[in-house]
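Below is one structure, written out as structure tokens, with a few remarks after it.
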Amino acid sequence: MTAQAAQAPLDLVDAVAQQLTDPGSVLLPAAHRQHLAHGLPGIALLHIERAAAGLGPWQRAHDWLAAASRAPLTSGPDSHPFYGASAFAHALACAADHLPGAYRRALDTLDRQTAADAIRRVDAAHHRIDTGRLPALAEFDTIRGLSGYGAHLLRRNPDSSALRAVLGYCVRLTRPITQDGDTLPGWWTETGPSGRPDERFPGGHANSGMAHGVGGVLALLALAARYGTFVAGHGEALDRILTWLDHWEDGSGPTWPYWITRAELRAGHPAPSAPRRPSWCYGTAGLARARQLAALALGDTRRRLDAENALVAALTDPAQLKATRDNALCHGFAGLAHIAARAADDAHPSTSRRLRAVIPALLAAVHPPGTDPVHTATAIVQDEARGPGLLDGAAGIALALLATNAAAPPRSAWDACLLVA
């Protein structure tokens, strides 16, 4: 990558940060203000990461954190890892790591609330299993469920009883169950992927995604193992998820389906489909990273190389890239570049080089060479459909570009909430 090509994404990051200087200038729906994906905590992450990297003032990060906490934060049953107290706790922790003593009282309170919410959810989940009912996606997923709570607990207190309770639940979730004569994975849900009843999914489905499926459970178990936190049955649970994904892999890619329906389960193979985007939230990119992390935790060299090669294939497949239609962190080119960079940090030298080689093209898709960064920043910040937030909007795109261009991983560990590192 030439110096000019390397600088272009950073110019766009600077332009986005400049246009998101003042929290008062950003109009958001009231429901989004304390949302990590769409609201003020996610935008705060951009200014926290820039300040931690010496690229911006800490006061700007503080202004966004103050704005995010101006109204009472939701906790308890109406909150989740990306909304309310836990969402704000993630942003506050990213700042506190670089400002010793700052925010300590508030963060301690939020950590206790997050742990209490996680334990309450674990207890409810075990009761659900004991009564023989199937889970809802929001019980275990990364955005709304226990995988997301586990991500925060792993970062803040990896030896806590709350984290071990979450991990113990994840192990139990992977155990197969039998319903109507079919052997189902424990994460099978009766709804469609939206979490609501859906006539297109008679008999429910098994969701593979990182955002809303078992991909997040796999990544959490893998990261906990890598960081030295284990519970009974930990390795077996990792192997059960990996074996399930092995079975449903499409060898032509290799790729993984977003989900498996009851009809596909009975047929033993996924139905043919057009190429799908290989995003973080769903698809091969996020799952390949989760599989790489699991293989590293298990010391499984074959699976590690398979995962890394699958990611390279996905990021160089014209059909899959054509299905990628935006630049977002969640399901666009910025997210693909970020996953490629994170996976390359842990990859075998040969696949690491190949992963890094695809990044310039992904960055160019976000910010084509010669494009005015201010014009591009204005377009993504003011995009009413996507907003300025973390998962779909400008802040997430800027964070991914900043991380991809840096020589080291993110300084503030902002992406811990995505379970990619």
- prompt: Crowded around R104 CZ? As in, over 12 foreign heavy atoms under 6.0 Å?
  reply: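 No.
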Any donor-acceptor N/O pair, [X] side chain to [Y] backbone, under 3.5 Å:
X    : Y    : result
H234 : V231 : yes
E264 : H269 : no
T142 : M210 : yes
H47  : L20  : yes
R304 : Q292 : no
W64  : G42  : no
S352 : A344 : yes
R277 : T324 : no

Might you point out which heavy atoms bring [X] and [Y] nearest each other, and give the distance in Å?
X    : Y    : answer
A340 : L315 : CB-CD1, 3.7 Å
A288 : L311 : CB-CB, 3.9 Å
S412 : R155 : O-NH2, 3.2 Å
Y149 : S86  : CE2-OG, 3.4 Å
N327 : A334 : O-CB, 3.0 Å
F201 : T191 : CB-O, 4.3 Å

State, with a plain yes or no, whether a side-chain heavy atom of [X] is found less than 4.5 Å away from one of [Y].
X    : Y    : value
L45  : L36  : yes
W248 : L265 : yes
L99  : W58  : yes
L305 : E308 : yes
P193 : H205 : yes
T189 : N207 : no

message: Run the ring-ring contact (aromatic ring centres under 6.0 Å, His included) test against H62 and tell me which residues pass, sequence neighbours left out.
response: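 Result, ring-ring contact (aromatic ring centres under 6.0 Å, His included) vs H62: none returned.
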- request: Kindly indicate whether a cation-pi arrangement holds for R276 with Y258, taking the cut-offs as under 6.0 Å to the six-membered ring centre and within 45° of the axis.
  value: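 So R276 does make the cation-pi contact.
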message: Test side-chain hydrogen bond (donor to acceptor under 3.5 Å, both in side chains) on T255 and Q320; report intermediate values, then the result.
response: CA-CA 10 Å; T255 62; Q320 292 187 65; 5.8 Å; no
Using a strict cut-off of less than 4.0 Å between a Lys/Arg side-chain nitrogen and an Asp/Glu carboxylate oxygen, indicate whether [X] and [Y] qualify as a salt bridge.
X    : Y    : result
D300 : R291 : no
D123 : R128 : no
K322 : D317 : no
R60  : D22  : no
D117 : R112 : no
D141 : R144 : yes
R411 : D97  : no

query: Do H375 and H367 have their ring centres less than 6.0 Å from each other?
result: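 So the answer is no for these two rings.
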- prompt: Do H338 and W414 have ring centroids that are under 6.0 Å from one another?
  reply: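 Ring-ring flag for W414/H338: true, centres closer than 6.0 Å.
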message: For Q18 and D14: C-alpha separation, side-chain torsions, deciding distance, then whether side-chain hydrogen bond (donor to acceptor under 3.5 Å, both in side chains) applies.
response: CA-CA 6 Å; Q18 186 62 36; D14 291 344; over 6 Å; no
message: Tell me whether the rings of H32 and H35 are parallel (<30°), tilted (30 to 60°) or perpendicular (>60°).
response: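 Answer is perpendicular, since the angle exceeds 60°.
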field: I143 vs L391, side-chain contact (heavy atoms from CB on, under 4.5 Å): CA-CA, chis, key distance, verdict
entry: CA-CA 11 Å; I143 300 293; L391 282 191; 3.9 Å; yes
message: With ring pair (Phe, Tyr, Trp, His ring centres under 6.0 Å) as the test, pick out the partner of W187 among W244, F140, W259.
response: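 Exactly one option meets the ring pair (Phe, Tyr, Trp, His ring centres under 6.0 Å) with W187, and it is W244.
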